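A quick note: this is a predicted structure, and the numbers were derived from the prediction, not measured. Computed from heavy atoms alone, side chains included, the values below leave out hydrogens, waters and symmetry copies.
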Amino acid sequence: MEKQLAKTYDPKEVETRIYDFWVNNGYFHTKIDKSKKPYTIVMPPPNITGQLHMGHALDNALQDTLIRFRRMQGYNALWVPGTDHASIATEAKIVEAMRKEGITKEEIGREAFLERAWAWKNEYGSRITKQLRKLGSSCDWDRERFTMDEGCSEAVKEVFVRLYDKGLIYRGERMINWCSKCCTSISDAEVEYEEKEGHFWHIRYPFADGSGYIELATTRPETMLGDTAVAVHPEDERYQDKIGKMLILPLVGREIPVVADTYVEKDFGTGVVKITPAHDPNDFEVGRRHDLPIINVFTEDGYINENGGKYQGMHKDDCRKAIVKELEEQGYLIKVEPHVHNVGTCYRCHTAVEPRISTQWFVKMEPLAKPALEVVKNGETQFIPKRFEKTYFHWMENIKDWCISRQLWWGHRIPAWYCADCGEITVSKTTPDCCSKCGSKNINQDSDTLDTWFSSALWPFSTLGWPENTEDLKHFYPTSTLVTGYDIIFFWVARMIFSGIEQMDKTPFDTVLIHGIIRDAQGRKMSKSLGNGIDPLEEIEKFGADALRFTLSTGNAPGNDMRYLPEKAEASRNFANKLWNAARFILMNLDENEPAPHIPNELLIEDKWVLKKFNDIVKEVTDNLEKFEIGVAVSKLYDFIWDVLCDWYIELCKVRLNGEDETAKAQARAVLVYVMSSTLKLLHPFMPFITEEIWQTLPHEGESIMISDFPVYSDALNFTEDEKNFEKVMAAIKAIRNRRSEMNVPPSKKAEVFIATADKNTFESCGGFFVKLASASKVTVGDDFNIDGAVNIVTADASVFIPMNELVDLEAEKKRLEKELNDAEKNLASLLGRLSNQAFISKAPAQVVEADKARAETLKEKIALIKEGIAKIG
RNA sequence: GGACGCUUAGCUCAGCUGGUAGAGCAUCUGCUUGACGUGCAGAGGGUCAGCGGUUCGAGUCCGUUAGCGUCCACCA
């Protein structure tokens, strides 16, 4: 066979070629096949603004592993890719780009803005999906979707109308979180709390009747412009006589009452709280209870409005300074204390959110949350690891209504029209001609758009064609596995679950596989501002996509965070290279017309050993993958390939391959080809490129490894006895190597080896291995030997003598054997101790007791052999 | 304030339903053995955070303490 592989594996050359090969042959495209069980994954859609980061790389590596595994197992496996329009993030980018040109949204108007946005989407929207291809993602690109494409938009409108008709979507004036930079409302889930150093400003509010003052503290003095009361606890003795009295609001001059409300904690601070119903959710409630006026003092973009008197037009941050200054000048400020408190910030731009009263659209959550809790409780949907179910329950049980309207243009426009004549709201999937109530033509569509997560909540079914009852939907819904990070359980997973149940009557997936986030070498979160992000594309460039995937999917437990160390990728790269070279070795030994992979009729003990090991690995890897233990599966494969296949079996085969016996050579080649190509199949879901490249070069049947059958466990390969026997030989070889190394004998110095054993058959048949792997010049197997001045090495099943007189220090040798004897005896004593414990014998499982008994027996034999060895030295 | 996670070899981490501790990297010693030095053969290194309990037996289960971390709630 003329095929040659380069000495080191070059992923760059291989990866693009292989990926194109897969795409061009349509292997990623899934045709509905009703004879097969469906297995479906919908990809968490990356933002169109995004660039591939380590989180995407991990998420997609895991998904690709699962989908490739199931595809090879014979499932009708479908992986639906797509992107998210990311309303806030995208709009912010476009606004920013426009700002650089000196124009604003308002100047060009909604239509022109959306034109720009679409142009931007068309230019950058495919960047991230191209990057996903670099990882080897085998998704069905023919089914690629976008949250704002026609079908998904249709789904959004359908859901909105349905929920509205059921009374589950409503419009109302509520206190919401307002981001003054993004200039939109955001949902509770989108608020991130950050600990910030602030101050407690202690201020005195004088009584209107001149009878002194009341002291209170605030962290946001600028909100006092909107104060409409001061509250104390109804049972606070200190203030009993003050309740109902009027105060003069400093700087403003407004008269406000002292009210009593249990919301106030007596023991905190001064026990007095200023009440600003327009700018604090708790104050809002207090205001409601006491029928207080609501005075909004901020504009949408964070400035003081006309209610702020002389402060109007000032930014709220500047206003704070001005107010503090004046309070001090006018003697209202008592003291300032440093105070660390949590400030709610916008998860996109991290500016402080302002609680604000405004009219918005909401989804009524309670009726939706109930069944969503139920499907997880009854196991229809399970989280892996299970502990995340608790997080999910807690959130779902305490859920508040979801604010879904956003004051943005990029997104799904709310399908509601307001009648200018009668005020009726017409909600409709299609644009209505007139008001549904009075028939007036004077109607206007709501200018707001929907929360990005509203459309992604529908992703598992909107991508399959819903609301049309498509064949895809019927066959592939509910989907199987959702793979995502714990950071978006609330944003996305929870909302998909209740949306799926509500619209489809079925939970959208049976398993949610949760992974952690990738951190830097110091354990810090990778972030743009820290500049500590590692670009997966650069790592692919350096080490190859397979190595990156291998690194990300091994060495950490599900749901746990992981540090990315370049050394890990390097180790993975080395592993790929190891595999490559093993293949190269096999290839250079092959015949011109080497037959396709098969197991020969005649097998030697080492063949049976490796086949048994392989068979075990098939079972374990399959089990692990079915239980989503991806990291465990891949590390087992690593060990099998490196230790069993490369360090042992290939070395063992060299005895035959370098010999003259053509039949034996062919036999070794056949087993090598069989084990290698089957192992490649096992590894393919994890390292798709290199496995395809090697598989194609070796004798094979079929077009591509990715559409070949995943190996299955075979009883015929369960050579337990041969495995056990062969491992006796391995133990002896290891012991000899060990001993020679301790004595500093170089491998070039060969020595004769005498093996005394009860299993002469096995050792005789394996004599060649001692020559090849244990530097033996000649091997003699017998019942017993009496050789003067020989090194004696004892294993459980053999006593090996190596006459190396010139190297042997008999005294040292005796000491060594005595130490070994001592260890063995200690070991035996502890075993016997346990075995004589009646409680152990009666309570421990029989197999455990048996195993201990067997161990004790072999130890006894070993001790006898060591004693003999010592006796021979004299 | 509540919930959860982590604490295992110098470093980064595995260790599934309890049965005499593992890997990679690093360190040390040998090796120009024609697949691979991105390699081969060997070695050293751990009272599995502390304490208590359950058990014949605990890194693994329960309780508790400490340190670190995350999420949720949020007191002006």
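Distance from the side chain of A:T8 is smallest to B:U38 among B:U38, B:A41, B:A35. Closest to the side chain of A:R573, from the set B:U38, B:C72, B:A35, is B:U38. Set against B:U20, B:A73, B:A76, the side chain of A:N342 has B:A73 as its closest nucleotide. Of the candidate nucleotides B:A76, B:C36, B:U12, B:C36 has the atom lying nearest to any side-chain atom of A:K578. Listed candidates were B:A14, B:C16, B:A76. Nearest to the side chain of A:N556 is B:A14. For A:A557, counting side-chain heavy atoms from C-beta on, the closest listed nucleotide (B:C74, B:G15, B:A35) is B:G15.
A donor-acceptor contact closer than 3.5 angstrom is absent between the side chains of A:E192 and A:Y347. Between the side chains of A:K274 and A:T223, a donor-acceptor pair is found at a separation under 3.5 Å. Judged by distance alone, the side chains of A:S635 and A:T554 never bring a donor and an acceptor atom under 3.5 Å apart. A:E194 and A:T345 form a side-chain donor-acceptor contact under 3.5 Å, judged by distance and modelled atom types alone.
Taking side-chain N and O atoms only, A:N560 has a distance below 4.0 Å to OP1 or OP2 of B:A14. Distances shorter than 4.0 Å separate none of the side-chain N or O atoms of A:K390 from OP1 or OP2 on B:A3. Of the side-chain N and O atoms in A:R387, none sit less than 4.0 angstrom from OP1 or OP2 of B:C4.
When the P atom is used for both B:G19 and B:A58, the distance is 11 Å, rounded to whole Å. Nucleotides B:U29 and B:G69 place their P atoms 39 Å apart, quoted to the nearest Å. A distance of about 16 Å separates the P atoms of B:C11 and B:C48, rounded to the whole Å. Distance noted for atom C1' between B:G44 and B:G59: 23 Å (whole Å). Annotation: B:A26 and B:A21 have their P atoms spaced 26 Å apart (nearest Å). The C1' atoms of B:U55 and B:C61 are separated by 10 Å, rounded to the nearest whole Å. B:U60 and B:G15 have their P atoms separated by 14 Å, with the value rounded to a whole Å. Look at the C1' atom in both B:C6 and B:U12: the space between them is 14 Å, to the nearest Å.
At the heavy-atom level, A:T219 lies under 4.0 Å from the strands shown only through sugar-phosphate atoms. Residue contacts shown for A:F575 are absent, as no nucleic acid heavy atom lies under 4.0 Å away. When heavy atoms are screened at a 4.0 angstrom cut-off, A:D647 is found touching the sugar-phosphate backbone but no base atom.
Spacing between atom NZ of A:K654 and atom C1' of B:G34 amounts to 9 Å, rounded to whole angstrom units. Taking atom CZ on A:R563 and atom C1' on B:C68, their separation rounds to 11 Å, with Å as the unit. Separating the CG atom of A:D280 from the P atom of B:C74 is a distance of 10 Å, rounded to the nearest angstrom. Regarding A:F490, its CZ atom lies at a distance of 15 Å from the P atom of B:U70, rounded to whole Å. Rounded to an integer number of Å, the gap from A:F393 CZ to B:A73 C1' is 20 Å. Counting to the nearest Å, the C1' atom of B:U38 and the CG atom of A:L579 are 13 Å from each other. For the pair A:R737 CZ and B:C40 P, the computed distance is 11 Å after rounding to whole Å. Between the C1' atom of B:C71 and the CG atom of A:N398 lies a distance of 13 Å, rounded to the nearest Å.
Pairing for B:C61 goes to B:G53, judged as Watson-Crick or G-U wobble with the two contacts each under 3.5 Å. Base pairing of B:C6 is made with B:G67, judged by Watson-Crick or G-U wobble geometry with both donor-acceptor distances under 3.5 Å. With a cut-off of 3.5 Å on both pairing distances, the Watson-Crick or G-U wobble partner of B:U27 is B:A43. The pairing partner recorded for B:U17 is none, the criterion being a Watson-Crick or G-U wobble arrangement whose two distances lie under 3.5 angstrom. Nucleotide B:G34 forms a pair with no other nucleotide shown, judged by Watson-Crick or G-U wobble geometry with both contacts under 3.5 Å. The base-pairing partner of B:C48, taking Watson-Crick or G-U wobble contacts with both distances under 3.5 Å, does not exist among the strands shown.
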Give me, pair by pair, the N or O atoms of the protein and of nucleotides 22-33 of chain B that are less than 3.5 Å apart, along with how far apart they are.
residue: B:U29; atom: O2'; partner: A:N744; partner atom: OD1; Å: 3.4

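With hydrogens and angles left out, the side chain of A:N577 and the base of B:C36 share no donor-acceptor pair within 3.5 Å. For a distance-only test at 3.5 Å, the side chain of A:E651 qualifies as a donor-acceptor partner of the base of B:A35.
A:N581 places a side-chain N or O within 3.5 Å of a backbone atom of A:N577 that can act as its donor or acceptor partner.
Taking for each of A:N738 and A:P558 the nucleotide of RNA chain B with the nearest heavy atom, the 5'-most of the two is the partner of A:P558. Where A:Y486 and A:A583 meet RNA chain B, the nucleotide closest to each residue was compared, and A:A583 sits on the side nearer the 5' end.
The number of heavy-atom neighbours closer than 6.0 Å to CZ of A:R387, taken from other residues, nucleotides and ligands shown, is above 12.
Taking 4.0 Å as the cut-off between side-chain N and carboxylate O, A:E629 and A:K636 do not count as a salt-bridged pair. Between A:R816 and A:E742 there is no salt bridge, since no side-chain N of the basic residue sits under 4.0 Å from a carboxylate O of the acidic one. Between A:R549 and A:D546 there is no salt bridge, since none of the side-chain N atoms of the basic residue sits less than 4.0 Å from a carboxylate O of the acidic one.
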Residues A:Y564, A:E539; criterion side-chain hydrogen bond (donor to acceptor under 3.5 Å, both in side chains); working and verdict: CA-CA 11 Å; A:Y564 185 88; A:E539 301 304 289; 2.9 Å; yes

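Annotation: cation-pi pair A:K578/A:Y638 absent, no NZ/CZ under 6.0 Å from the ring centroid and within 45° of its normal.
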